[in-house]
Amino acid sequence: MSIAKTYSPKDFEDKWYQYWMENDFFKSTPDEREPYTIVIPPPNVTGVLHMGHMLNNTIQDVLVRRARMSGKNACWVPGTDHASIATEAKVVAMLKEKGIDKKDLSRAEFLAYAYEWKDKYGGIILDQLKKLGASCDWSRTSFTMDPALSEAVIDTFIHLHKKGLIYRGVRMVNWDPKGLTAVSDEEVIRKEVNQKLYYIRYEVRSEKLKVESEKLDTESQPSTFNPELSTFLTIATTRPETIMADAAICVNPNDERYTHLHGKKVFVPLINREIPVILDEYVTMDFGTGCLKVTPAHDLNDYELGQKHHLPVIDILNDNGTLNEKAEILVGEDRFIARKKIAKLLDEAGYLEKVEDYKSQVGFSERTDAAIEPKLSMQWFCDMAEMAGPALDYVNNGDVKLIPDKFINTYRHWMENVKDWCISRQLWWGQQIPAWYAPNGEVVVAKTAEEALTKFKLNTQYSLLTTDELKQDEDVVDTWFSSWLWPISVFDPTVCGNPDAEGNADINYYYPTNDLVTAPEILFFWVARMIMAGHEFRGEAPFKNVYLTGIVRDKLGRKMSKSLGNSPDPLDLIEKYGADGVRVGMLLCSPAGNDIMFDESSCEQGRNFANKIWNAFRLIKGWEIDESLPNPNETTINWFESRFNEALAEIESNFKSYRLSEALMASYKLVWDDYCAWYLEMVKPAYQQPIDKATYEASIQYFERILKVLHPFMPFLTEELWHDEVFGKREEKDCCIVAQVPSSTPTNEKLLKEIDAVKQVVSEIRNIRNSKQISPKEALTLAVKVNSGIDYQTYSNIISKLANITELSNTDEKIAGAATFMAGRDEFFIPLAGSIDVEAEKESIKKDIEYLNGFLRGVNAKLANERFVQNAKPEIVANEQNKKADAEAKIQILEESLTALG
RNA sequence: GGGAUAUUAGCUCAGUUGGUUUAGAGCGCUGCCUUGACAGGGCAGAGGUCACCGGUUCGAAUCCAGUAUAUCCCACCA
């Protein structure tokens with residue numbers, strides 16, 4: 001049976017994926033083997049595969065397949081995240097296209113649409129992962145809003161509330177006045193905007209100052225503002241429409257210009273409301289005027305300042321961004337119109353000192369492009385301080401390793417400065433907060449309305465309350481509040497909220513998982529919180545290693561994004577290069593923790609590699625065996641055994657330290673250079689000649705071992721070749737995916753070293769052919785003057801074959817009229833009567849001598865340095881002496897050759 | 001503005017506690033090679049004062065200080 005001339009992945013990739021599935025090779029159940037577990041970072045349920053997923057999941061699949069082939073019970077749990085904000089936004093947009101406004105729907109109606117959407121598009125991304133070859137245990141596919149996982153979220157909320165770690169509080173949220181919703185920080189786009197900085201005078205009511213200020217007025221020096229003499233102080237603001245919400249004016253206590261204002265009161269212009277002057281070092285003296293208007297309701301920093309100084313909160317804005325009656329003036333006007341109008345009013349009343357152009361960053365809603373309004377609202381919080389301690393310890397003491405470890409500092413810094421986590425979201429898609437309100441606004445946390453009622457009735461005041469009167473909190477929890485449970489809830493959701501529960505067989509076997517592969521940007525959102533939840537509910541961290549991948553960028557260094565249109569469609573790439581080619585392409589340029597500069601040409605390299613393997617296979621598959629032939633390749637076969645094990649040891653060590661691209665590169669070179677370029681060239685019979693049985697079997701066996709090494713990187717190609725008839729008939733379950741990768745064994749160092757010398761000899765001969773334009777077809781003879789002790793006769797058939805040498809002889813004398821070269825200390829001569837350019841030969845030798853002399857100078861300088869000889873380790877000094885002796889010997893030989901040439 | 005990390009060949013990266021030929025790999029590049037497993041190939045070759053400036057050391061790509069540039073995280077100042 002012959003096979004196609006070029007590698008054609010489409011012919012077999014789907015076939016093998018199906019075969020693996022049918023044979024349950026991805027499936028894992030607890031048994032006596034050591035488990036190896038990864039939980040997938042769940043992609044958004046309605047998302048589509050992008051290059052970041054490709055990288056991330058390729059790495060996970062390589063790790064899982066490698067573990068599966070190393071005798072472990074490998075379990076990779078897949079699933080999706082409900083991604084409340086992103087998904088709800090998509091559903092809202094979809095409804096809008098249908099002409100439906102979310103506001104017109106009830107919660108239940110909206111959720112019905114959302115589930116419909118999820119059922120339609122959810123899981124597309126998981127099907128795409130199958131194309132990549134992801135060997136997930138699909139029978140374990142989870143979704144963060146599966147009933148059991150949602151219940152785990154609710155139980156967790158109740159548990160932490162009971163512990164006092166969840167509380168209600170006021171918080172400044174990013175309010176979108178157009179979308180009428182709060183949005184997360186991630187959905188706020190900051191843009192630089194040209195604004196105006198308004199300088200506004202506030203009148204200071206103080207009898208003494210009033211008198212002095214009249215002096216100022218008469219002397220009339222308005223351009224030089226002298227606060228000592230003024231009845232006014234001036235503040236600078238970009239938002240004059242919020243002055244009606246002012247609660248104080250703040251100055252720095254160290255600001256000597258304003259010491260006279262300490263303890264004074266001032267009046268808000270236009271509405272004449274009295275507010276105090278407060279002191280706080282928060283105010284920077286050299287910005288604006290050094291006086292800050294404090295508006296707790298409409299600025300986060302002002303809010304915090306207000307809390308500190310017990311100031312009232314005056315919210316003058318409606319949800320839609322218009323002014324309310326608390327503003328007293330301009331009620332009903334939009335905030336931006338109000339800004340212009342109030343500037344005019346201030347100016348007319350003489351309160352506006354000046355207006356400057358000013359650039360500043362303003363947040364805009366990603367979805368509606370409306371300017372974000374900071375707005376105070378009641379939210380649920382999760383206390384982080386207590387949980388951060390243990391989570392930091394796991395990383396500090398190495399129970400959880402970050403790879404690469406440069407992220408430890410960032411992690412530590414974040415954990416030591418952790419802020420409480422606002423967990424409520426003003427959305428419907430997600431787990432609704434299990435809090436229930438009585439008509440009077442009292443709240444209890446309970447799983448059901450009935451339980452809530454029972455809790456209320458503990459207080460006689462509520463003896464007549466009914467469940468119908470209870471209203472559940474409208475908000476849902478933050479998506480991360482469900483995904484932080486992921487490594488636990490995919491195995492046993494019932495232990496969430498029940499730290500004392502024993503847990504089922506799955507969680508006791510698979511937890512803690514081994515490796516987590518994710519992006520550094522969610523180290524805090526997700527990774528840190530999973531560690532917290534793991535500690536809370538299982539008493540140990542949920543994973544041992546966190547492999548942090550980089551961001552996939554294009555070759556110009558730009559982040560790949562839909563809006564830039566610089567991201568190739570992963571499925572197109574797979575179509576073009578094959579899944580194996582893309583996997584290799586991604587891994588070749590992806591060091592851990594560094595961004596990857598993705599260039600499609602690396603996928604081409606991956607495909608070319610696959611093609612190389614394919615054709616090497618075609619070669620050995622085409623060989624005819626002649627059992628009567630002796631084995632002329634024993635040395636070569638022994639050499640490759642050693643070389644294979646040498647490479648295997650390197651690959652093992654690379655895997656151990658998570659250097660996946662280096663493990664792949666070592667495999668690549670083993671196959672392309674050692675197996676194809678050297679081994680096969682050494683053993684392959686002449687055109688259309690048969691091969692001896694021993695060589696054939698060794699070659700086949702080596703090829704099979706190579707397939708095992710390559711399988712984690714290139715699962716489809718290796719499986720396809722694995723089943724070829726040259727390997728004999730295989731049982732149904734005898735598949736590459738479950739084959740056991742061999743462990744490295746000791747190597748024959750002498751043989752490896754001598755073959756290296758032989759390879760050098762062959763290269764030198766080819767080089768001479770190249771430079772003298774001697775065709776590879778023209779046979780030559782070779783003589784060697786051995787100085788190193790290597791018996792080249794052992795390797796004469798290799799040299800003959802690879803360099804087309806008909807005779808290899810030993811000589812004690814230099815041979816005249818020959819092209820010469822050196823390999824190590826050994827001298828080689830290729831007699832080329834008449835075609836030797838003596839001058840060129842001399843030039844070349846002189847050049848070599850020059851190089852060696854330069855080298856020798858460096859070595860001698862070191863050895864002449866007494867302090868080097870005294871201080872350096874003995875083996876270093878000995879090595880330098882070897883280098884010196886070696887260089888001197890070579891120089892001597894070369895100089896003799898030079899003399900011999902005349 | 002605060003912090004972290006990086007800067008090695010045209011590109012993407014190794015360089016494992018400072019000494020292993022005068023710094024390596026893959027790709028690309030240059031030259032030669034086409035009926036022989038593979039042109040998605042073979043052989044050979046050229047390419048770097050290790051960002052810059054000091055310092056420590058017998059010895060620095062490697063350690064320290066500073067400068068420049070880049071990326072990321074945090075705070076983004078009325």
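Within every chain, numbering begins at 1; the chains are lettered A, B, ... in the order of the sequence lines, protein sequences first and strands thereafter.
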Checklist entry - Any sub-3.5 Å donor-acceptor pair from A:Asp886's side-chain atoms to A:Asn882's backbone N or O? => result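 Such a contact is absent between A:Asp886 side chain and A:Asn882 backbone.
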
Checklist entry - Okay, side chain of A:Asn174, backbone of A:Ile372: is any donor-acceptor separation there less than 3.5 Å? => result no

Verify the contact: side-chain N or O of [X] to OP1 or OP2 of [N], cut-off strictly under 4.0 Å; return yes or no.
X	N	answer
A:Arg659	B:G15	yes
A:Lys5	B:G40	no
A:Asn615	B:G41	no
A:Ser771	B:A44	no
A:Asn871	B:U57	no

Checklist entry - Charged N to carboxylate O under 4.0 angstrom, A:Asp674 versus A:Lys759? => result yes

Checklist entry - Got a salt bridge between A:Lys308 and A:Glu304, using NZ or NE/NH1/NH2 to carboxylate O under 4.0 Å? => result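 No.
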
When we call it a touch if two heavy atoms are under 4.0 Å apart, what does [X] touch: a base, just sugar-phosphate, or nothing?
X	answer
A:Asn865	sugar-phosphate
A:Gly854	base
A:Phe609	nothing
A:Asn611	base

Next on the checklist: Let me check I have this right: for RNA chain B, each base becomes ., (, ), [, ] or |, based on Watson-Crick or G-U pairs with both distances under 3.5 Å. What is the full string?
Outcome noted: (((((((..((((.....[....)))).(((((.......))))).....((.((..]....)).)))))))))....

Checklist entry - What string of B, S and - do you get for nucleotides 72-78 of chain B 5' to 3' if you count protein non-hydrogen atoms under 4.0 Å? => result S--SBBB

Item to check | Results of salt bridge (charged side-chain N to carboxylate O under 4.0 Å, His left out) for A:Arg766 - residues two or more places apart only | outcome: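 Here no residue qualifies.
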
Counterpart residues, ring-ring contact (aromatic ring centres under 6.0 Å, His included), relative to [X] (two or more places apart):
X	result
A:Tyr202	none
A:Tyr282	none
A:Trp414	A:Phe524

Next on the checklist: Taking the minimum atom-to-atom distance to the side chain of A:Asn770, which one of B:C43, B:G41, B:A25 wins?
Outcome noted: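 Per side-chain heavy atoms of A:Asn770, the pick is B:C43.
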
Next on the checklist: Less than 6.0 angstrom separating the ring centers of A:Tyr668 and A:Phe609, yes or no?
Outcome noted: yes

Checklist entry - For B:G66, does the glycosidic angle fall within 90° of 0 (syn) or outside that (anti)? => result anti

Next on the checklist: If the condition is side chain to side chain contact (heavy atoms under 4.5 Å, CB included), which residues does A:Ala519 pass it with, not counting sequence neighbours?
Outcome noted: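 Once residues adjacent in sequence are excluded, the partners of A:Ala519 under the side chain to side chain contact (heavy atoms under 4.5 Å, CB included) criterion are A:Glu521, A:Thr549.
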
Checklist outcome for this item: Applied to residues 849-859 of chain A, the salt bridge (charged side-chain N to carboxylate O under 4.0 Å, His left out) test, sequence neighbours excluded, yields none

Checklist entry - For RNA chain B, whose closest nucleotide is more 5', that of A:Val869 or that of A:Val859? => result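 Final value for this comparison: A:Val859.
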
Checklist entry - Where each residue is assigned the nucleotide of RNA chain B containing its nearest heavy atom, which of A:Glu662 and A:Lys873 is assigned the position nearer the 5′ end? => result A:Glu662

Checklist entry - A:Trp614 has an atom CH2; how far is it from atom P of B:G41, in whole Å? => result 17 Å

Give each protein N/O atom lying under 3.5 Å from an N/O atom of nucleotides 33-36 of chain B, with the pair distance.
none

N/O-N/O pairs, protein side and nucleotides 61-63 of chain B side, under 3.5 Å:
none

Checklist entry - By a strict heavy-atom criterion of less than 4.0 Å, which residues belonging to residues 874-882 of chain A are in contact with RNA chain B? => result A:Ile876, A:Asn879

Next on the checklist: Short of 4.0 Å, heavy atom to strand atom, which residues of residues 667-682 of chain A count as contacting RNA chain B?
Outcome noted: A:Tyr668, A:Lys669, A:Trp672, A:Cys676, A:Ala677, A:Glu681

Checklist entry - Can you say whether the rings of A:Tyr679 and A:Tyr702 are parallel (under 30°), tilted (30 to 60°) or perpendicular (over 60°)? => result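 Answer is perpendicular, since the angle exceeds 60°.
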
